[in-house]
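We're numbering straight along the sequence, starting at 1.
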Amino acid sequence: MNLDPQGLFRDHSDSDDEFELEKEKDPSKEMVVYLIDASPKMFDLVGNDKEKKNLQDLNGVFVFNVNDREFLDQPTAKLIKEFSCIEALRNLAGTFMSNIGSQYGIIPGSRENSLYSALWVAQALLRKGSPKYVSKRILVFTNEDNPFGNITGAAKTDMIRTTVQRAYDAQEMGISIEILPLSIPNEPFNVSHFYADLIGLEGDEVAQFLPSAVERLEDMTDQLTKRIFKKRIVRTISFSIAEGINIEVNTYALIRPALPGSVTWLDSVTNLSLKAERSFICADTGALVHEPPKRFHPYKNENVKFSVDELSEIKRISNGHLCLLGFKPLDLLKDYHNLKPSTFIFPTDEAIIGSTKIFIALHRSMLQLKRFALAFYGGSANPRLVALVAQDGVTSSSGQVEPPGMHMIYLPFSDDIRHVEEAVQLQTTADAGVPHATDDQIKKASVLMKRMELKDFSVCQFANPALQRHYGILQALALGEDEMPDIKDETLPDEDGMARPTIVNALEDFKIAVYGENHDLEEVSSKKSSGTDASRKRKAMVEAAVESAANHDWADLADNGKLKDLTVPELKNYLTAHNIPVTGKKEALISRILTHLGR
């Protein structure tokens, strides 16, 4: 490769921004305040007053919580149960509106600004934790795009100014504010009335806000019952580019199998988790062995002892890091070379300064030249050859879709690949030849496949029904629910979709092309024929059982207690001959025979 070292390693500030942003350490915790509008436009009008509930004792703000729980804490079963009852309470007697909802909202002639107070309370709830280690967000749910629409003059200007300033103060403290509009039919949400200034939207961002907000709201709804895994660092490894040039990269597991939680053994009396311990006992003295066991290998009538460190050094064939071997064209990397989910790697400058610069140079060159890097990775336990495939960053209106970096694909060994064996063409006569599909049959099959094709298919669209049932049962047990939740199995065939006329007609055309016009009659005839064959076999079995049973004097065997000396098939022959059930163990068969003989 003819590369310009100065061009590759030059500081391109514009193109390196995405890497610099990705390089920042992700917060390990997330704190979220859901700020839900309870003004009249959100609910039916009910003649009730609003109640305040917050530490600052501000009017118009109700912080929902339960006893024995901090205001900003992990959700508990009690919180979820009581929160799920809000809608039922509202429908029963207007309890929701009487306790939480507002009849008036922000009204003229009053200096009460409930939105300002709500942002203040939310900011106070999020005061703990450094923004470096904690992600803080306020999600505002509302369908009122102009909360100060009923106010005019200097009072309106002052309220807007103070509310926007409160939002800016929160953002300066590392708190992000997101607006999730709940639009009313025939009344679209106009963000430019007020909320564009609140969250700092400018230019094209105003026009792109509503589509991206709807997408975020749909994603939030889909993820409510999904277990979300943070894309945290799996481990940090050294990447050897050439002799004397090493950089440091972080590895991330972007995809992992969804499995039920691990089993925890509990004490039957105290219900506390048990801890497993293992001890070694000397075979000669019976005493506990406190020293670590020693390894040895017999050699010439002597036991050569090894320490754990010596054995590890003997087995070591690699230092467990990543070593670059060379480059190959991307078209040589096949789909079947990917044996398991890849690992995503991204540079870090924490230990080796300049790792990001070198990684960017390598990443950019691989994208431009359409090459993948071949590297050796792994320790003594599982050494492998891997392919490093560069991925460019992808962004959309809702944010980043794919981060820039490299995918580490685990390559197979030569004996991991099984080549398909070619069928041996046998010389057969025309009468005994293998039938082949006609052009018309192939055409009808192609039409049927196109009619049944799933558009924009993704495995992520279908939940694992076994896992869904597992977590549904856990949820029911945790919340003390009497009924188990109904789990929809999305892997079952779509009967409604299969019943569409286009698919039904295409399927019927395919049947006619393969089986002929009268295939329905042939199926009925085949079923009758199979039923006749089954009855014929049943009759033959009964006749054989009767013949075999006639070889024994069953009354004498029963009187002398010798039925237990017969084999199970012999006992079943008697039962079959007399049309008696033959299921169960030997004792049950003998009991039926004695009952039939009147003993």
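- No more than 12 heavy atoms of other residues, nucleotides or ligands shown are found within 6.0 angstrom of OH on Tyr299.
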- Derivation and outcome, side-chain hydrogen bond (donor to acceptor under 3.5 Å, both in side chains), residues Thr491 and Asp489: CA-CA 5 Å; Thr491 62; Asp489 190 349; 2.5 Å; yes

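- Stacking of Lys340 on the aromatic ring of Tyr410 is recorded, both the 6.0 Å distance cut-off and the 45° axial limit being met.
- Judged by distance alone, the side chains of His596 and Tyr574 do bring a donor and an acceptor atom under 3.5 Å apart.
- Ser342 and His407 form a side-chain donor-acceptor contact under 3.5 Å, judged by distance and modelled atom types alone.
- For Arg384 (side chain) and Leu411 (main-chain N/O), a donor-acceptor pair under 3.5 Å exists by modelled atom type.
- Asp440 and Thr438 are not linked by any side-chain donor-acceptor pair at a separation below 3.5 angstrom, with hydrogens and angles left out of the test.
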- Message: Determine whether Asn250 and Tyr252 satisfy the following criterion, side-chain contact (heavy atoms from CB on, under 4.5 Å), listing intermediate values before the conclusion.
- Response: CA-CA 7 Å; Asn250 292 329; Tyr252 301 82; 3.8 Å; yes

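- Asn560 and Asp556 form a side-chain donor-acceptor contact under 3.5 Å, judged by distance and modelled atom types alone.
- Between the side chain of Lys586 and the backbone N or O of Lys564 there is at least one donor-acceptor pair closer than 3.5 Å.
- Checking side-chain atoms of Lys334 against main-chain N and O of Asp331 turns up a donor-acceptor pair under 3.5 Å.
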- Apply side-chain contact (heavy atoms from CB on, under 4.5 Å) to Thr583 and Arg592, showing your working. CA-CA 10 Å; Thr583 58; Arg592 294 194 193 110; 3.8 Å; yes

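- Taking the six-membered ring where tryptophan is involved, the planes of Phe344 and Phe346 are essentially parallel, since the angle between them stays under 30° and well short of 60°.
- With hydrogens and angles disregarded, no donor-acceptor distance shorter than 3.5 Å links the side chain of Glu402 to the backbone of Val394.
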- Query: Given Thr343 and Val234, is the side-chain contact (heavy atoms from CB on, under 4.5 Å) satisfied, shown in steps?
  - Reply: CA-CA 9 Å; Thr343 299; Val234 176; 5.9 Å; no

- Steps toward side-chain contact (heavy atoms from CB on, under 4.5 Å) verdict (Gln475, Leu477): CA-CA 5 Å; Gln475 174 181 323; Leu477 293 174; over 6 Å; no

